[in-house]
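For the numbers below, each heavy atom of this structure counts, side chains included, while hydrogens, waters and symmetry mates do not.
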Amino acid sequence: MEKNHNKSYSDKQGAYAQDENAQQDMEDARIEDVNPDEETVEEAENVEEVDDMEKKVAALEDQLAKEKKEYLFLMAEFDNFRKRTLKEKSEIIKNAGENVLKGLLPIMDDFERGLKAAETTDDSAAMKEGMSLIYNKLKKYLAQNGVKEIDPADDTFDTEKHEAISAVPVPDESKKGKILDTIEKGYMINDKVLRHAKVVVGQ
């Protein structure tokens with residue numbers, strides 16, 4: 001009888017212990033559900049970091065696309081500007097050439113009238129005067145357009161302005177390296193040589 005009583009008490013204690021263990025397991029499971037472990041927290045942080053990086057990459061791609069579009073626009077504008085400038089420059093040069101030639105036409109007319117007059121007159125003095133007038137008119141027109149003769153009175157040989165076509169031995173030392181004769185006049189346009197003077201130089 002006593003043995004049965006002790007067995008019943010022992011069974012009750014075992015059942016009670018099992019209930020306590022089961023209850024503890026449930027409590028631990030509940031705590032795990034409420035408080036995520038360190039791995040779960042780290043995963044969440046990694047996901048957030050990846051999201052931030054993706055947003056930054058997307059922002060950089062948008063900025064790059066915008067800057068590329070602006071660059072292409074500027075390149076197109078520059079190309080248009082370059083073409084427009086070249087066209088304007090070409091037109092300026094063309095128009096300048098046309099204006100110079102147009103200014104020569106009245107002098108051409110004078111030559112034609114002079115040639116016609118020469119056919120009907122034997123007055124050499126009148127012919128000479130007419131030619132002189134045309135020459136002076138042409139010389140004045142060239143000067144108005146910046147063209148002038150290289151000074152023929154300057155006997156100092158300068159390779160920048162003169163072209164020596166011949167060298168003549170001279171007994172006078174002071175004549176060596178000097179211009180003895182001008183075969184063909186040279187011309188300057190503004191400060192640039194338009195045509196070198198062809199000269200004979202003492203040697």
Side-chain angles (χ1 to χ4, degrees), residues 63-64 66-203:
Q63 184 179 355
L64 180 62
K66 181 181 178 183
E67 291 180 354
K68 183 179 179 181
K69 185 177 180 181
E70 291 176 352
Y71 171 77
L72 293 173
F73 176 76
L74 287 174
M75 285 296 295
E77 281 292 306
F78 176 75
D79 189 53
N80 290 335
F81 169 77
R82 183 180 61 82
K83 289 178 180 177
R84 187 167 59 250
T85 302
L86 288 174
K87 183 179 179 181
E88 290 174 355
K89 184 178 180 181
S90 176
E91 287 178 354
I92 289 172
I93 293 171
K94 180 181 176 181
N95 292 334
E98 287 179 357
N99 290 333
V100 169
L101 294 173
K102 187 177 180 179
L104 288 172
L105 294 180
I107 299 172
M108 186 72 175
D109 294 337
D110 289 342
F111 272 118
E112 287 178 352
R113 283 191 286 267
L115 290 171
K116 284 183 180 180
E119 293 175 359
T120 59
T121 183
D122 294 329
D123 190 347
S124 59
M127 286 291 299
K128 184 179 179 180
E129 183 181 358
M131 289 292 291
S132 180
L133 288 172
I134 295 171
Y135 171 76
N136 289 330
K137 186 175 182 179
L138 177 59
K139 190 174 181 180
K140 182 180 179 181
Y141 176 76
L142 291 175
Q144 289 173 348
N145 286 274
V147 179
K148 60 181 181 180
E149 293 178 9
I150 293 174
D151 188 3
D154 184 6
D155 65 350
T156 302
F157 181 74
D158 183 354
T159 54
E160 296 293 324
K161 298 178 181 179
H162 305 109
E163 178 186 348
I165 60 171
S166 178
V168 179
V170 289
D172 189 349
E173 289 291 328
S174 64
K175 294 290 185 181
K176 288 186 177 181
K178 298 291 185 179
I179 296 172
L180 303 178
D181 190 20
T182 299
I183 306 301
E184 188 175 87
K185 289 181 179 179
Y187 289 89
M188 304 280 291
I189 180 165
N190 299 320
D191 294 325
K192 182 181 177 181
V193 174
L194 184 61
R195 187 179 75 182
H196 289 80
K198 294 181 179 180
V199 297
V200 178
V201 183
Q203 185 179 26

Check your understanding: Below 4.5 Å, heavy atoms only, C-beta onward: do Lys139 and Tyr135 meet side chain to side chain?
Key -> yes
Review point. Sub-3.5 Å donor-acceptor pair from the side chain of Thr121 to the main-chain atoms of Ala118, do we have one?
Key: no
Point to revise | Atom of Gly103, atom of Pro106 and distance for their closest heavy-atom approach | key: O-CD, 3.2 Å
Practice item. May I ask you to decide if Glu160's main-chain N or O and His196's side chain share a donor-acceptor pair within less than 3.5 Å? Key: yes
**Study point:** Pairwise side-chain contact, Tyr141 with Val100, heavy-atom cut-off 4.5 Å (strictly under)
**Key:** yes
Check your understanding: Can you find a heavy atom in the side chain of Thr156 that is under 4.5 Å from one in the side chain of Lys178?
Key -> yes
Exercise for review: Name all residues meeting the side chain to side chain contact (heavy atoms under 4.5 Å, CB included) criterion together with Asn136; count only those two or more places apart in sequence or in a different chain, and write none if there are none.
Suggested key: Ser132
Check your understanding: Partners of Glu173 by side chain to side chain donor-acceptor pair (under 3.5 Å), sequence neighbours excluded?
Key -> Lys176
Check your understanding: Backbone N or O of Met75 within a donor-acceptor pair of the Asp79 side chain at under 3.5 Å?
Key -> no
Review point. Taking side chain as C-beta onward, heavy atoms only, is Leu180 less than 4.5 Å from Asp155?
Key: no
Review point. Backbone N or O of Ala153 within a donor-acceptor pair of the Asp151 side chain at under 3.5 Å?
Key: yes
Practice item. Would you confirm whether Asn190, through its side chain, and Lys192, through its main-chain N or O, come within 3.5 Å as a donor-acceptor pair? Key: no
